[in-house]
Amino acid sequence: MRNADIAAHFSELADLYELDGAIVHRVVAYRNAAAAIREAPRSVEELARAGRATELAGVGKTIAEKIETLLERGRLPQAERLLEKFPAGLVEITRIPGFGPKRARKVFDELGIGTREELRRAAEEQRLREVPGFGARAEESVLAALAADPDGSARGRVLLSRVRAIGEEIVAALREHPACQRVELAGSARRMAETCKDVDVVAAATDRAALVEAFRALALLEVTSASESGARAVTHNGLPIDLRVVAPETFGNLLQHLTGSGPHNEALRTQAVRRGLHVSEYGVLDDERGTTHACATEDEVYRVLGLVYVPPELRENRGELEAARARELPDLLRVDSLRGDLHCHTIASDGRASVEGMAAAARERGLDYLAITDHSASHGFGKDVSPDALRRHIEHIRAVDESLGDDFRLLAGSEVNVLPDGSLDYDDELLTELDWVIASLHSSFRLSEQEMTDRMVRAIEHPLVDAIGHPTGRLIERRDPYALDLDHVFEAAARSGTFLEVNGNPNRRDLSERNARRAIAAGVTLVVDSDAHGPETLANVGYGVATARRAWVEGRHVANTRRWDELDPLRRPSSTAADA
DNA sequence: GCCGTTTTCGGCCCGACTGTTTTCAGTCG
């Protein structure tokens, strides 16, 4: 059983216990355990079978035993018992905005309501107000919430790249204002999460009202509420924006608070309480002295708590607080640590720019090398690059490289299709002429896990393949990853010295942060690339770097932090095996 | 149910907002 599946069972059990009226801390304990299981970088099943599940923070004796029961029977008996007591739809009701376990339980007890549909009808027929604590307003808001999300499937999350485009525009506009002293994006956009629910902006100003007024005047917003301390707005395409403005003395406290994540802040405060410190957006209250320490910078917030500064990308309660206390945070990958980009396209396949145009843009970005990796013969959309066309393409790339001088290297590469049986659609003789080969899957996504894994491992083991492009094929919020046994994939990549890509296309970010962290733990070396289809999207490598940072990846884990003459020998299986 | 520089019991993050209340429980981020 995968970690995610085990975690889902404990999340469900937490929901059911909560409906059953268990004390809140017990419910929280189950949720914490579920999160620890989900985030664990190794197989929890293996850990549990070795009797070591309690090594996970938040898993004690009781939950460790329940994991073993779950692995034996495939179900948790406690959950089964509670599912006889409550209709399955009742948990769905707790997800409706404004509803939680207490209110869901109340409508079930009083009116026998156990599904969203039954709740909707009761609200329409004005029967909800018969329940103590519910009134006409409650009926209205239930109907509004159900109308906004009829089947409970709306996730309402927006891709990071869209959110950052809007958020950065707002920040830039506010920064221009004379009253503005500091302004930053906060929230999940600052943490570079895959998707965001809204945009949080934090500012410090000499004249707070004036800055709020400037925010109200931005043409891209419909402002829904405003005061001296901030404003709330919605962009014309429906993205909610929150602005908070404080005096500069507490800017650090507010930025830290609103950057989150929720679990990071909760854990931060829990640990602080043990030292007699209470953290909020207004400062750090010291029990002993009775004073509140206001922090102008985030650095100060963390320092007051005995921690080193935690980069926003790590603030997910995945071990960063313990590492920050021990001063052992990773030396995270940075965009400027990358010397080259090893995945991009030109008009030879489905790109928008010439070889010359891409090379010039890469140089402009300060890179030392760029691999041109157009799609191979059987790609099936855009232009196909036949073997003869590839030979001419290689010659052209070499000629352009010659013309560029010694401080920049243009590499002749290809993004070669992996066919359903794991073979490649150029023959070895042609592949040998290339400097750099990425193998990617672009078709036949629906094979079984066994077939898909065999296919991938065969590509990884091909001696002329340097890297696997977007290894799981997922598209954020749109397409699930291929069915793959990633433990096998990572083992094969580590053994053969084939690199796995962290693709920077903001729709892909593949490997994901979770999988990239597992990959480096398994000894895999990564490449972080833009997969640019035009000069402007070379900047997408920033999303790849953000993904890698969220995976605790350091420069040493990434092949293209090296010069090309250092990287080149790394990718030969014999020498890699010797290094390992 | 978990956990320990207040260790094996007694706590468990912090503050804002909302709607239904007459002092606050429940929900949210």
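Values below: all heavy atoms of this structure, side chains included; hydrogens, waters and symmetry mates excluded. In the text below, chain A, chain B and the rest are named by the order of the sequence lines, each starting its count at 1.
Residues A:K66 and A:A138 both approach DNA chain B. Their nearest nucleotides, taken by heavy-atom distance, put A:K66 toward the 5′ side. If A:E281 and A:A29 are placed on DNA chain B by their nearest nucleotide, the residue sitting closer to the 5' end is A:A29.
OP1 or OP2 of B:dA16 sits under 4.0 Å from a side-chain N or O of A:Y282. In terms of phosphate contacts, A:R103 brings no side-chain nitrogen or oxygen within less than 4.0 Å of OP1 or OP2 of B:dG26.
One interatomic measurement links the two molecules: CZ of A:R137 to C1' of B:dT18, which rounds to 9 Å at whole-angstrom precision. Atom-to-atom, CG of A:L268 to P of B:dG29 comes out at 20 Å; the value is rounded to the nearest Å. Between A:D198 atom CG and B:dG29 atom C1' the separation is 9 Å, expressed in whole Å. Following rounding to the nearest Å, A:D286 (CG) and B:dC13 (P) show an atom-to-atom distance of 18 Å. Look at NE2 on A:H257: it is 16 Å from P on B:dC28, rounded to the nearest Å. Atom C1' of nucleotide B:dC28 and atom CZ of A:R95 are separated by 15 Å, given to the nearest angstrom. A:R269 places its CZ atom 22 Å from the P atom of B:dG11, with the value rounded to the nearest Å. Residue A:R274 contributes atom CZ, which lies 9 Å from atom C1' of B:dC12 at whole-angstrom precision.
Minimum atom distance to the side chain of A:V273 is reached by B:dC14, of the listed B:dG29, B:dC14, B:dG19. The side chain of A:T62 sits closest to B:dG1 out of B:dG1, B:dT20, B:dC14. When distances run from any side-chain atom of A:H25 to the nucleotides B:dG26, B:dC13, B:dG1, the shortest one goes to B:dG1. Set against B:dT27, B:dG1, B:dG15, the side chain of A:R26 has B:dG1 as its closest nucleotide. In this structure, of B:dG26, B:dG1, B:dC13, it is B:dC13 that holds the atom nearest to the side chain of A:T270. When distances are taken from the side chain of A:K102 to each of B:dG1, B:dC14, B:dG26, the shortest belongs to B:dG26. Nearest nucleotide to the A:Y30 side chain, out of B:dG1, B:dT20, B:dC14: B:dG1.
Considering only heavy atoms from C-beta on, A:T270 stays 4.5 Å or farther from A:V273 through its side chain. Contact of the A:R508 side chain with the A:R479 side chain is registered, since non-hydrogen atoms from C-beta on lie closer than 4.5 Å.
Remark: the separation of the C1' atoms in B:dT8 and B:dG4 is 9 Å, to the nearest Å. For B:dT6 and B:dC2, the P atoms lie 23 Å apart once the distance is rounded to whole Å. B:dG29 sits 28 Å from B:dT22 when the P atoms are compared, rounded to a whole Å. Distance check on atom P: B:dC9 versus B:dG19 gives 46 Å, rounded to whole Å. Here the separation of B:dT18 from B:dG11, taken at their P atoms, is 33 Å to the nearest Å. The same atom, P, is picked in B:dT21 and in B:dT27; the two are 15 Å apart, to the nearest Å. As rounded to the nearest Å, B:dT7 and B:dC12 have P atoms that lie 15 Å from one another. Across B:dC3 and B:dC13, the matching P atoms stand 14 Å from one another, rounded to whole Å.
Nucleotide B:dC17 forms a Watson-Crick or G-U wobble pair with B:dG26, both donor-acceptor distances falling under 3.5 Å.
Across all strands shown, A:I23 has heavy atoms under 4.0 Å from base atoms, whether or not it also approaches the sugar-phosphate. Backbone-only contact: A:G60 has heavy atoms under 4.0 Å from sugar-phosphate atoms and none from a base. Within 4.0 Å of A:A57, counting heavy atoms only, lie sugar-phosphate atoms of the nucleic acid but no base atom. Looking at heavy-atom distances under 4.0 Å, A:V24 makes no contact with the nucleic acid at all. Across all strands shown, A:I96 has heavy atoms under 4.0 Å from sugar-phosphate atoms exclusively, and none from any base. Using a 4.0 Å heavy-atom criterion, one finds that A:P97 contacts the sugar-phosphate atoms exclusively.
A:T472 and A:D510 form a side-chain donor-acceptor contact under 3.5 Å, judged by distance and modelled atom types alone. Neither side chain, A:S225 nor A:R232, offers a donor N or O lying under 3.5 Å from an acceptor on the other. A side-chain donor-acceptor contact under 3.5 Å links A:S11 and A:R38.
Taken to the nearest 0.5 Å, the CG atom of A:D200 stands 9.0 Å off from the CD1 atom of A:I241.
Shown are A:I170, A:L239, A:V234; of these, the side chain to side chain contact (heavy atoms under 4.5 Å, CB included) with A:L221 is made only by A:I170.
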**Message:** salt bridge (charged side-chain N to carboxylate O under 4.0 Å, His left out) for A:R208 and A:E228? Distances and angles first, verdict last.
**Reply:** CA-CA 6 Å; A:R208 301 198 290 161; A:E228 193 189 66; 3.0 Å; yes
